[in-house]
Amino acid sequence: MKEKIFIIILNWNRADDTLACLKSLSSLDYFMLDPNVVVVDNGSTDNSIDRISKFEPHNFKLHLIKNNSNFGFAKGNNIGIRYALKNKADYVMILNNDTLVERKLLLNLVSVIKNDKKVGVVSPKIYFAKGFEFHKERYKKEDLGRVIWYAGGEIDWQNVMGINRGVDEVDCGQFDLVEETGFATGCCSLFASYVLEKVGLFDERYFMYFEDVDLSVRIKKAGFKVFYQPDGVVWHKVAQSSGIGSGLNDYFISRNRLLFGFAYASFRTKAALFKESVRLLFKGREWQKKGVVDFYLGKFGKGSWD
C-alpha cells in the first residue's frame with residue numbers, strides 16, 4: 001500500500017512562483033508514494049487563486065485552501081498541515097513556493113525517516129537559485145546553481161540565532177554527509193506525521209521567523225532527531241526584500257529572538273537578551289523598538305506589523 005505524502009505550499013500574491021514550483025513538483029519521482037500537494041493561499045489580493053486553480057497536475061492531487069487574510073508563515077502552514085493530518089498523511093513536507101526541486105528529492109528525504117524511526121524531520125541541501133545569490137559578483141558562471149543557502153542548521157545559543165551552515169559557499173562536497181543537525185529549515189522540511197501529532201505544529205505566536213527553529217527544538221526535546229540529507233536538493237529564489245535592516249526583518253527578528261530565547265536559552269543568555277532589549281528600546285531602529293515592546297506586552301502573531 002502506498003504511503004500518503006502531503007506537500008504544503010503557502011502562497012501570498014506570488015502566483016508566478018507558486019506555479020513554477022508546482023511545475024517543478026510534476027517532475028518529482030513519487031515511487032511508492034501517494035502524492036498530494038496542498039496550496040494554502042494566505043489571503044492573496046491578486047489573481048493568484050484563479051491562476052493556481054487552473055493548474056492541471058499529471059502525477060499528484062492538487063488541493064487549494066483559501067484563507068481570508070494573511071495569517072503568516074506559521075499559521076498558514078499549520079492550516080495545510082492540519083488538513084494533511086486529517087486526511088491520513090504518513091508524511092508532511094513544508095516547501096516554500098519560491099523553490100524548484102530535484103527529481104529524487106522526496107525519495108531521498110523519505111529514506112532517512114524510513115531508516116530510523118527516531119528521525120522526526122529532515123531537510124535537504126538547498127542552493128540559491130541562479131541570480132538570487134547574496135553576493136553575485138563573487139562567483140564564476142559555472143558556480144551558479146551550486147552556491148549553498150542551507151546545508152544543515154546550527155543554533156547559536158550565545159547570540160540566539162539560527163544559522164544556515166555553508167551559506168554563500170560553493171558546493172565542493174564539503175557537506176555531503178547524512179547527519180543530525182541543529183534545526184530543519186522552514187524552506188523545505190519533511191516531517192513524519194506521528195511526530196507532528198505528538199509534538200505539535202508551528203507555534204503561531206511567531207508569525208514568521210524562528211518558528212522552524214522552535215519546532216526543531218521541541219522535536220528534539222520529545223526524543224526525536226533532526227536530520228540533514230544532502231542527496232535531496234532544492235533551489236531557492238531567496239527573498240531580497242525582507243533582508244537585514246528592513247522593517248519586517250527588524251520587527252519579527254527583534255520580537256521573536258526574545259520569544260525563542262526566553263523559552264529555551266540559559267539564564268545567562270536570557271540576562272544578556274534582556275540587556276540587549278533595553279538597549280534597543282533606546283537606540284534601536286523604529287521596528288526593532290516596536291518588536292521589543294510587543295514582546296513585553298505579549299503582542300504576538302502579526303503584532304504591530306502592518
**Q** Hey, would you say the Phe128 and Phe134 ring centroids sit under 6.0 Å apart?
**A**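 Phe128 vs Phe134: aromatic centres under 6.0 Å.
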**Q** Treating Thr181 as the side-chain partner and Gly153 as the backbone partner, does any N or O pair qualify as donor plus acceptor under 3.5 Å?
**A**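 Yes, Thr181 side chain to Gly153 backbone: donor-acceptor pair under 3.5 Å.
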**Q** Please determine whether ring-ring contact (aromatic ring centres under 6.0 Å, His included) holds for the pair Phe202 and Phe73, giving the CA-CA distance in whole Å, both sets of side-chain angles, and the decisive distance to 0.1 Å.
**A** CA-CA 9 Å; Phe202 290 118; Phe73 182 91; 5.7 Å; yes
**Q** Any side-chain donor paired with an acceptor under 3.5 Å for Asn67 and Asn42?
**A**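 Yes.
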**Q** Which residues satisfy the salt bridge (Lys or Arg N to Asp or Glu O under 4.0 Å) test with Lys54, sequence neighbours excluded?
**A**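 With neighbours one apart ignored, the set is Asp50.
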**Q** Going by distance alone, is a donor N or O of one side chain under 3.5 Å from an acceptor N or O of the other, for Asp90 and Ser193?
**A**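 Their side chains do not contain a donor-acceptor pair, so the 3.5 Å distance test is not met.
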**Q** Is Ile94 close to Ile81 at the side-chain level, that is, under 4.5 Å between some pair of heavy atoms?
**A**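 Side-chain contact under 4.5 Å: yes.
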**Q** With the side chain counted from C-beta on, respond yes when Arg285 and Leu280 share a heavy-atom pair under 4.5 Å apart, and no when they do not.
**A**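 They are not in contact (no side-chain heavy atoms under 4.5 Å apart), so the answer is no.
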**Q** Short question: side chain of Arg257, backbone of Val160 - any donor-acceptor pair under 3.5 Å?
**A**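 Judged by distance alone, yes, a pair lies under 3.5 Å.
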**Q** Closer than 3.5 angstrom, by distance alone: can the side chain of Asn256 be matched with the main-chain N or O of Leu259 as a donor-acceptor pair?
**A**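 It does not hold such a pair.
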**Q** Between Lys136 (side chain only) and Glu133 (backbone N and O only), is there a donor and an acceptor less than 3.5 Å apart?
**A**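 Checking the backbone N and O of Glu133 against the side chain of Lys136, a donor-acceptor pair under 3.5 Å is found.
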**Q** Quick check: does any side chain N or O of Gln229 sit under 3.5 Å from a backbone N or O of Asn108, one acting as donor and the other as acceptor?
**A**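 Yes, the answer is positive, given that a donor and an acceptor are paired below the 3.5 Å cut-off.
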**Q** Does the pair Lys125/Asp176 count as a salt bridge with the N-to-O cut at 4.0 Å?
**A**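 Judged by the 4.0 Å cut-off on N to carboxylate O distance, Lys125 and Asp176 do form a salt bridge.
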**Q** State yes or no: are the ring centers of Phe252 and Phe207 separated by less than 6.0 Å?
**A**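 Yes, close enough.
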**Q** Cation-pi check for Phe224 against Lys118: NZ or CZ below 6.0 Å from the six-membered ring centre and within 45 degrees of the axis, yes or no?
**A**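 Relative to the ring axis of Phe224, which defines the angle, Lys118 lies inside both limits.
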**Q** Restricting to salt bridge (Lys or Arg N to Asp or Glu O under 4.0 Å), what partner residues turn up for Lys225, sequence neighbours left out?
**A**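 With neighbours one apart ignored, the set is Asp116.
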**Q** Please say whether more than 12 non-hydrogen atoms of neighbouring residues, nucleotides or ligands are located less than 6.0 Å from CD in Gln174.
**A**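 Yes, because the 6.0 Å sphere around CD of Gln174 holds more than 12 heavy atoms from other groups.
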**Q** Please tell me whether Asn59 and Tyr30 have a donor and an acceptor in their side chains that are separated by less than 3.5 angstrom.
**A**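 No, no side-chain donor-acceptor pair sits under 3.5 Å.
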**Q** Suppose we screen for salt bridge (Lys or Arg N to Asp or Glu O under 4.0 Å). Which residues come up paired with Glu137, at least two apart in sequence or across chains?
**A**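 Glu137 satisfies salt bridge (Lys or Arg N to Asp or Glu O under 4.0 Å) with no residue once adjacent residues are dropped.
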**Q** Report yes if the side chains of Asp34 and Phe60 come closer than 4.5 Å at any heavy-atom pair, otherwise no.
**A**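 Sidechains of Phe60 and Asp34: no contact.
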**Q** In Å, rounded to the nearest 0.5 Å, how long is the span from CD1 of Ile8 to CG of Asn77?
**A**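 If we round to the nearest 0.5 Å, Ile8:CD1 and Asn77:CG are 7.5 Å apart.
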**Q** Any side-chain heavy-atom pair from Leu19 and Phe55 closer than 4.5 angstrom?
**A**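 A side-chain contact exists here, since the closest heavy-atom pair is under 4.5 Å.
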**Q** I'd like to know if the side chain of Tyr194 reaches the main chain of Lys117, judged simply by a donor and an acceptor atom lying under 3.5 Å from each other, with no hydrogens or angles considered.
**A**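 Pair found, side chain donor or acceptor close to backbone of Lys117.
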**Q** Any chance the side chains of Thr185 and Ser123 put a donor and an acceptor closer than 3.5 Å?
**A**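 Not at all, the side chains of Thr185 and Ser123 share no donor-acceptor pair under 3.5 Å.
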**Q** How are the rings of Phe210 and Tyr206 set to each other: parallel, tilted or perpendicular (split at 30° and 60°)?
**A**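 Answer is parallel, since the angle falls under 30°.
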**Q** Is the distance between the ring centroids of Tyr83 and His63 less than 6.0 Å?
**A**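 Distance test on ring centres: under 6.0 Å, yes.
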**Q** Would you mind checking if Lys75 and Glu211 are paired as a salt bridge, meaning a charged N to carboxylate O distance below 4.0 Å?
**A**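 No.
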**Q** Would you check if the distance from the ring center of Phe71 to the ring center of Trp12 is below 6.0 Å?
**A**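 Not under 6.0 Å, so no.
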**Q** With distance as the sole criterion, is a donor-acceptor pair present between the side chains of Asn11 and Ser44 under 3.5 Å?
**A**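 Yes, Ser44 and Asn11 have a side-chain donor paired with an acceptor closer than 3.5 Å.
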**Q** Using the ring of Trp287 (Phe, Tyr or Trp, six-membered ring only), decide whether Lys290 places NZ or CZ under 6.0 Å from its centre and within 45 degrees of its axis.
**A**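 Yes, a cation-pi geometry holds between Lys290 and Trp287.
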**Q** Looking only at atom types and distance, does a side-chain atom of Ser27 sit under 3.5 Å from a main-chain N or O of Lys23, one as donor and one as acceptor?
**A**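 Not a single qualifying donor-acceptor pair exists.
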**Q** Between Asn96 (side chain only) and Thr99 (backbone N and O only), is there a donor and an acceptor less than 3.5 Å apart?
**A**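 No, because the side chain of Asn96 does not come within donor-acceptor range (under 3.5 Å) of the backbone of Thr99.
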**Q** Quick one: does Ser24's side chain have a donor or acceptor within less than 3.5 Å of a partner on Ala20's backbone?
**A**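 No, because the side chain of Ser24 does not come within donor-acceptor range (under 3.5 Å) of the backbone of Ala20.
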**Q** Please determine if Arg165 forms a cation-pi arrangement with Tyr228, meaning its NZ or CZ atom is less than 6.0 Å from the six-membered ring centre and no more than 45° off the ring axis.
**A**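 Cation-pi check for Arg165 and Tyr228: passes.
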